[in-house]
Amino acid sequence: MCGALRSTNAGETITIMGWVNRRRDHGNLIFLDVRDRTGITQVVLDKEASPAAHAKAEAARPEYVISVTGKVRERGEGLKNPKMDTGDIEVVAQELLLLNDAKTPPFPIADDAPITNEEIRLKYRYLDLRRPELQKNFVLRHKVTRAIRDFLSDNEFLEIETPLLTRSTPEGARDYLVPSRVHPGHFYALPQSPQIFKQILMISGFDRYFQIARCFRDEDLRADRQPDFTQIDLETTFPQQKTIFKIVEGFLHAAFSAAGIELGPEAFVQMTYDHAIAKYGIDKPDMRLPAMVDLSAELTPELRETLKIAPSLPVLGFTIPRVGELSGTARKALLSEIRGGFGDCGLDFLDVARLRTNEAFVPLAEAIGAKLNAEQVVFCGENFTTDDLAVVITPKPGTPEMWNYDRLWIWKRVGQLRLDLAKKYADKHGLFTQTGTAADFKFLWVTDFPMYEWNEEHKRWDAAHHPFTSPHEDDITSGRLVNDKGAVRALAYDIVLNGTELGSGSIRIHRKDVQAEIFRSLGMSDEEAHERFGFFLDALEYGTPPHGGIALGLDRIVMILAGASSLREVIAFPKTAKAIDLMVDAPTPVSDVQLRDLSLRVIKRS
RNA sequence: GGGGACGUAGCUCAGUUGGUUAGAGCGCUGCCCUGUCACGGCAGAGGUCGCGGGUUCGAGCCCCGUCGUCCCCGCCA
């Protein structure tokens, strides 16, 4: 192959095939760089030595498919190219075959310059995929997938496939529906995850199951969300939470190792959901950034009164490292930008500049600075002894309505600001820059998610994870399940990497009475529960072992490992933000004949 | 459903306060060239300024609408 030849091959007569990457025509001497997925090799064509081959090379153009037979030659002194893996040798062509010509591609394959026009990249995806950068991503993806498959197989997991044509369950995300021809008016659904099937496999005694599973969700896209995606789905019997954690950490070590990253032996950090919200204002903290600090203790009731800060609500501060000194203009712009972002939500800056001008507040300003471990508290404009940007947010008196819906609203809003600012100053603090070592990757388990979340629109409690998630034993026995739903904790956990949710899982309910209780608490009658999940409730009655599992987004793992900022870089044929495949042009209308076969009619909505 | 950014040559982009015939680099075509490797030299082709409408003596530039791509919020058990 093109990328494999070295000086040890000198003297061998070989044939290589591939695409013309570049042609350098010097008249009687032509160089062709030949590319395949392993790399690039320089071919030399001399008019005197092999005139026929030279003549064909004159006609060759980028992306022509060629076959070259010739002798590998060590390049002479000064002719070697240290920038190429194969730069010590070249192939002296004796015979050249033009196997196929090619139109001039709409964008260059040979350049490493980024192509910003995503539309054209996706339309000509076969050419985009030919670029070394993407070739590299799919080699990586293959290695990672194989490492995970091998690890799980070595640990007694069985890979079992579950159906793609299955049953719609009107919970959670919208389903992609597939009409049945044989049963007019009836629809299959594509799975959002193999959730119920894998639980049934546990009931069937398969003990340890996994699947590299395609899943489908008909929801709006993001850079890290595609409508069809791949997850590493697994389930085991008789697990504790820590059993699952150990398995996942095991295959992630293997996967990262396959990608050339050796993670340290220590277990991943764990924190509860409540702790994550209090310290990071989000359920998927980015551990590369410093946490938030609650500064409430620094403010006496009198100080709150004077500074017009709402009593008993938290005063939160955080720092963004190494932002450097901001000019007065930059500070003003930042201030109005953030105030604008808050709107009238009852939050504001603590104006430390004002504090410094008033003798009485100086100790407070200094206490805050000390607690944040930063002497530049935002907008104070003096005594810069660190580069860190410190921000203190205070709740104004009066309670906007939104705080009532969500008791954690303030933490979440300030956590959002923390992330926004971290992003804004990413170039300065450099914490998101990859160094190619394990230090780039901050893993975290978030545990004890709330069992329920309040649905304001429908005025009811919904399952925060899914209705088969087991609550904490304490919360069942204490009666909280009935009396205080907002406080019930689930045996549900997320794995987070650099602020991206990689996966989510739980210990499941294996007792029918508990399951029935959960359905009741979700306001689902027995009849209703039976209509939706009857087959599963039946199965639960036949000796269901305790079980639990998790599912991790394979695409996201590969995306982060590849240092990519979009899933499109690691999915071969991805869709646009409007869920369109620009290459095959899908979705499309279908013929009346097809519709009639399916007993369907398309109606126009105004 | 909402907010934001972008759309000019095949690609990457520039285009001033609204003013002559819309530019650059790369790529492409032809010719020349025996040591290049982002080869070099000379010459050349290539544009419905996303689309539609409006304002204006005059629109790539201003206004309205629309389409597309990207990012974010909602949504994603």
Side-chain angles (χ1 to χ4, degrees), chain A residues 21-34 40-49 54 58 61-63 73 75-84 86-87 90 92 103-124 127-128 169-175 192-193 195-196 215-227 229 340-341 343 413 416 419-420 423 449-453 455-457 461-469 490 492 501 504-506 518 522 524 532-533 551 553 565-566 568 575-578 580 582:
Chain A
N21 197 55
R22 279 204 171 86
R23 183 180 65 120
R24 289 178 295 281
D25 186 346
H26 290 244
N28 289 332
L29 191 69
I30 298 175
F31 299 96
L32 292 180
D33 290 343
V34 188
I40 295 172
T41 292
Q42 173 169 284
V43 173
V44 195
L45 295 110
D46 191 319
K47 193 170 188 178
E48 281 177 24
H54 180 272
E58 278 185 328
R61 291 292 180 274
E63 302 314 312
R73 177 170 75 190
R75 296 201 202 175
E77 228 21 69
L79 300 182
K80 297 188 176 181
N81 184 348
K83 282 186 281 185
M84 291 173 79
T86 60
E90 62 196 356
V92 184
K103 287 168 75 172
T104 302
F107 50 82
I109 314 299
D111 285 13
D112 19 326
I115 303 143
T116 56
N117 187 338
E118 293 255 356
E119 225 173 319
I120 211 139
R121 286 183 61 192
L122 290 174
K123 185 175 175 195
Y124 297 95
L127 296 177
D128 195 28
T169 52
E171 295 267 334
R174 272 182 284 266
D175 287 320
Q192 297 174 25
S193 95
Q195 183 62 35
I196 292 182
C215 303
F216 306 86
R217 291 180 191 171
D218 186 5
E219 295 293 342
D220 289 347
L221 281 72
R222 289 283 187 287
D224 61 355
R225 273 163 34 190
Q226 282 273 313
F229 60 99
R413 189 61 191 79
Q416 183 60 49
L419 285 181
D420 290 345
K423 216 172 184 179
F449 273 76
M451 183 78 187
Y452 303 98
E453 62 194 9
N455 184 326
E456 179 60 28
E457 190 190 341
W461 291 96
D462 286 345
H465 187 55
H466 57 61
F468 315 113
T469 300
E501 181 196 317
S504 196
S506 64
I518 298 296
L522 291 168
M524 217 185 287
R532 286 191 193 177
F533 306 110
S565 55
S566 164
R568 290 186 300 276
K575 292 176 180 62
T576 69
K578 286 202 173 146
I580 287 170
L582 287 175

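Every chain is numbered from 1 and lettered A, B, ... according to where its sequence line falls, protein lines coming before strand lines. Because the structure is a prediction, the values reported are computed rather than measured.
Separating the P atom of G52(B) from that of C13(B) is a span of 25 Å, rounded to the nearest Å. Between the P atoms of C62(B) and A5(B), the separation comes to 13 Å (whole Å). G40(B) and G35(B) have their P atoms separated by 14 Å, with the value rounded to a whole Å. Nucleotides C49(B) and C61(B) are separated by 10 Å at their C1' atoms, to the nearest Å. A gap of 10 Å separates the P atoms of A14(B) and C6(B), to the nearest Å. Look at the C1' atom in both U55(B) and G65(B): the space between them is 15 Å, to the nearest Å. U69(B) and C31(B) have their P atoms separated by 42 Å, given to the nearest Å. Nucleotides G15(B) and G23(B) have their P atoms positioned 15 Å apart, rounded to a whole Å.
The backbone N or O of D218(A) sits less than 3.5 Å from a side-chain atom of R174(A), completing a donor-acceptor pair. Not a single donor-acceptor pair under 3.5 Å links the side chain of Q226(A) to the backbone N or O of L221(A). Proximity of a side-chain donor or acceptor of Q192(A) to a complementary backbone N or O of G172(A) within less than 3.5 Å is not detected. Proximity of a side-chain donor or acceptor of R225(A) to a complementary backbone N or O of D220(A) within less than 3.5 Å is detected. Between the T41(A) side chain and the V34(A) main chain, no donor and acceptor come within less than 3.5 Å of each other.
The residue among T104(A) and P108(A) whose nearest nucleotide of RNA chain B is located toward the 5' end is P108(A). Each of K80(A) and N117(A) has a nearest nucleotide on RNA chain B; the 5'-most of these lies closest to N117(A).
Distances were taken from every side-chain heavy atom of A577(A) (C-beta onward) to each of G10(B), C71(B), C39(B); the shortest belongs to C71(B). Listed nucleotides: C73(B), C37(B), G35(B). Nearest to the side chain of R222(A): C73(B). When the nucleotides C70(B), C37(B), U34(B) are ranked by their closest atom to the side chain of L122(A), C70(B) comes out on top. Here U12(B) is the nucleotide among U12(B), G27(B), C37(B) with the atom lying nearest to any side-chain atom of I115(A). Distances from the side chain of D220(A) to the nucleotides G74(B), U34(B), G68(B) place G74(B) closest. You'll find that the side chain of P62(A) is closest to C28(B), out of C28(B), G74(B), C11(B). Ranking U29(B), C70(B), C37(B) by closeness to the R61(A) side chain, first place goes to U29(B). Counting only heavy atoms from C-beta on, H26(A) has its side chain closest to U34(B) among U69(B), U34(B), C75(B). Proximity note for R75(A) (side chain, C-beta onward) versus G74(B), U36(B), C76(B): the nearest is U36(B). The side chain of R22(A) lies closest to A38(B), out of U34(B), A38(B), C75(B).
R24(A) pairs by the side-chain contact (heavy atoms from CB on, under 4.5 Å) definition with R22(A), H26(A), F31(A), D33(A), Q42(A), not counting sequence neighbours.
One N or O donor and one acceptor, one from the side chain of R225(A) and one from the base of C76(B), sit under 3.5 Å apart. For E90(A) and G35(B), a side-chain-to-base donor-acceptor distance below 3.5 Å is present, hydrogens and geometry of angles not being considered. Between the base of C33(B) and the side chain of D25(A) there is a donor-acceptor pair shorter than 3.5 Å. Applying the 3.5 Å distance criterion, the base of G41(B) shares no donor-acceptor pair with the side chain of R24(A).
In this structure, I30(A) reaches neither bases nor backbone, as no heavy-atom distance under 4.0 Å exists between it and the strands shown. Among the heavy atoms of the strands, none lies under 4.0 Å from R413(A). In this structure, K47(A) reaches neither bases nor backbone, as no heavy-atom distance under 4.0 Å exists between it and the strands shown. Contacts of N28(A) with the nucleic acid, taken as non-hydrogen atoms under 4.0 Å apart, include base atoms. Within 4.0 Å of A464(A), counting heavy atoms only, lie sugar-phosphate atoms of the nucleic acid but no base atom. E119(A) comes within 4.0 angstrom of the backbone, heavy atoms only, and of no base. Within 4.0 Å (heavy atoms only), T116(A) reaches sugar-phosphate atoms of the nucleic acid but no base atom. Among the heavy atoms of the strands, none lies under 4.0 Å from R121(A).
A salt bridge links R568(A) to E118(A): at least one charged side-chain nitrogen sits closer than 4.0 Å to a carboxylate oxygen.
Applying the 4.0 Å criterion to OP1 and OP2 of A38(B), one finds that K83(A) has a side-chain N or O inside that range.
The nucleotide G60(B) finds no pairing partner, because no Watson-Crick or G-U wobble arrangement with both distances shorter than 3.5 Å includes it. In this entry U66(B) has G50(B) as its Watson-Crick or G-U wobble partner, both defining distances falling under 3.5 Å. Nucleotide C39(B) forms a pair with no other nucleotide shown, judged by Watson-Crick or G-U wobble geometry with both contacts under 3.5 Å. In this entry C26(B) has G10(B) as its Watson-Crick or G-U wobble partner, both defining distances falling under 3.5 Å.
For the pair E58(A) CD and C31(B) C1', the computed distance is 12 Å after rounding to whole Å. Following rounding to the nearest Å, E453(A) (CD) and C76(B) (C1') show an atom-to-atom distance of 11 Å. One can place CG of D420(A) at 16 Å from P of G4(B), the figure rounded to the nearest angstrom. Atom CZ of F107(A) and atom C1' of C28(B) are 16 Å apart (whole Å). C67(B) atom P lies 12 Å from atom CD1 of I580(A), rounded to whole Å. We find that NZ of K578(A) is positioned 16 Å from P of C72(B), with the value rounded to whole Å.
Residue K80(A) qualifies as enclosed at atom NZ: its count of foreign heavy atoms under 6.0 Å is above 12.
The two atoms that bring A463(A) and L522(A) nearest to each other are N-CD2, 3.3 Å, heavy atoms only.
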